[in-house]
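The block underneath contains the structure these notes are about, expressed in structure tokens.
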Amino acid sequence: MTASLTTEPAWKKLAAHHNQIKDRHLRDLFAADPGRGEALSVEAEGIFLDYSKNRIDSETLSLLVELAETAGLKDRIEAMMTGQKINTTEQRAVLHTALRAPRDAKIEFDGQNVVPEVHAVLDKMTRFSDRLTSGEWTGHTGKRIRNIVNVGIGGSDLGPVMAYEALRHYSNRDLTFRFVSNVDGTDFAEATRDLDPAETLFIIASKTFTTQETMTNARTARAWLLEGLGADDSAVAKHFVALSTNAEEVAAFGIDTDNMFGFWDWVGGRYSMDSAIGLSTMLAISPERFREMLAGFHAMDVHFRSAPLARNLPVIMGLLNVWYVNFFGSQTVAVLPYDQYLKRFPAYLQQLTMESNGKSVTLAGDRVNYDTSPIFWGEPGTNGQHSFYQLIHQGTHLIPCDFIAFAKSLNPIGDHHDKLNANVFAQGEALAMGKTRQQVLDEGTSEALAPHRVFEGNRPSNTLLIEELTPAVLGKLVALYEHSVFTQGVIWQINPFDQWGVELGKVLAKRIVPELQSDDGELQHDSSTNGLIRRYRSLKA
Ligand code: F6P
């Protein structure tokens, strides 16, 4: 495909088709085809996706698939999964799928099969996990480790914290897990205030081992530990492990590289929760369950690679986002898990989706003339229903929603679960079908109030219905969104695997730190920034 995506025949056909279909109401589409719900559903690897409540017909999907074919999606998937350097702006391969490949798989990068290395790290993590949970690994004073504090940010935090929360049902309740990410000292203080240093292990998670926030928190953790134990640096070895690609910096920090769990530059930070970065997850749920999670990831990888595009879950979900962003002008997608354990899933997806596809330049370096990543946001249901759903139902924005629901509760109590799921099904129905003025009047509502009580409907949603939340299912769900992101990136011809957009703020912050710590020197910023720095100095004095 050329850089001018919008001049592609497949794109033009979609634009013309959009003109024909854009005013059709989901009410009418369902009325016209009693089999629509079934026809526009697909199941793979135990994940059932009902996408019939989208503003599409069967032609829409064919045209979107044609767009994906024109974009060479199949070839791009192969290029990614076979270790080609598709992250061209960083000259890196993108092989997170190798992290969950079975032991006997062969995935070559630069002439080397990477799978044995992946499993060597998993085995090392397993040995460490077994030693720690059995009590063989103790702290400096000989006390058993009971608290695990993961120190990391971005992909080195959001994956671990999301997975811990998601799989808490399966977790070892004898261990306490905390996650420190923010350079705001409050995060560290609150995470550690009730912990005994003698029983605490810090996992310093950082791909680069240079991230300002993580290294600041890591140094604070070391000082907190040594002060608490009244010990010297030799105590660090029993209370600190590192997850990183950067052995040199790990050693420079003072962590023995024997206590380092490595990964590789072909794993992006936001694609790393199934690498060594998942050590806290493994400690929480056990190595066996961690491997079940990896098997779930892998099952979705296989589906993505092999299923026909029109029956391919991540492809369908990715193409639907393209449909709404580029043809309906939608700006956001709401992710609404009806499961309290998935409370951090939307936050996790924010990094995965927006750090990946929040780009405005094509792989060839041209400014795009179409929109790219939508803004992802969300909260678990039913809580969101009582806060922001008003806007989704009656506001002026068209917000496609992903509902995620489970048939079985991990905490079955009375009729809670039926009520929970009655709500998720009701929301999808209400958004799609709405309520007409006539229906409102027939209920006895006055003419004056009727406009306020009308629901336009025709608001799209996907529903993912899954039997039960397990480690394997979590792996499948994450891989589903990873590959949906990839699909969108391929259509938009952007690189989902770099993140240059985070650099400028980092550089400026480094420059500003000394300016906040002294009153000397001319400030060279704009008048707003200079004024804020001066006011900060005087307020904190
Ligand atoms: O600043 C963004 C980022 O580079 C993310 O891409 C990454 O997940 C995060 O920072 C943390 O990076 P690291 O794991 O190297 O500390």
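For ligands, and for the atoms within them, numbers begin at 1 and follow the listed sequence.
Counting only distance, with no hydrogens or angles, the side chain of Asn246 and the backbone of Glu249 share a donor-acceptor pair below 3.5 Å.
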| task | Evaluate the side-chain hydrogen bond (donor to acceptor under 3.5 Å, both in side chains) criterion for residues Asn150 and Tyr164: first the C-alpha distance (whole Å), next the side-chain angles of each, then the deciding distance (0.1 Å), finally the verdict. | result | CA-CA 11 Å; Asn150 188 82; Tyr164 172 66; over 6 Å; no
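Counted by atom type alone, Tyr271 and Ser356 present one or more donor-acceptor pairs between their side chains at under 3.5 Å.
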Donor-acceptor pairs are to be reported for all side-chain atoms of residues 256-268 against protein atoms at under 3.5 Å, with residues two or more places apart or in another chain.
unit_1, atom_1, unit_2, atom_2, d
Asp256, OD1, Asp258, N, 2.9
Asn259, ND2, Ala237, O, 3.1
Trp264, NE1, Glu117, OE1, 2.8

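The aromatic rings of His96 and Phe497 are tilted relative to each other, their planes meeting at an angle between 30° and 60°.
Closer than 4.0 angstrom to ligand 1 by heavy atom are Ile153, Gly154, Gly155, Ser156, Ser206, Lys207, Thr208, Thr211, Gly269, Gln351, Glu355, Gln499, Val502, Lys506, sorted by chain and number.
The aromatic ring centroids of Phe376 and Tyr348 lie 6.0 Å or more from each other.
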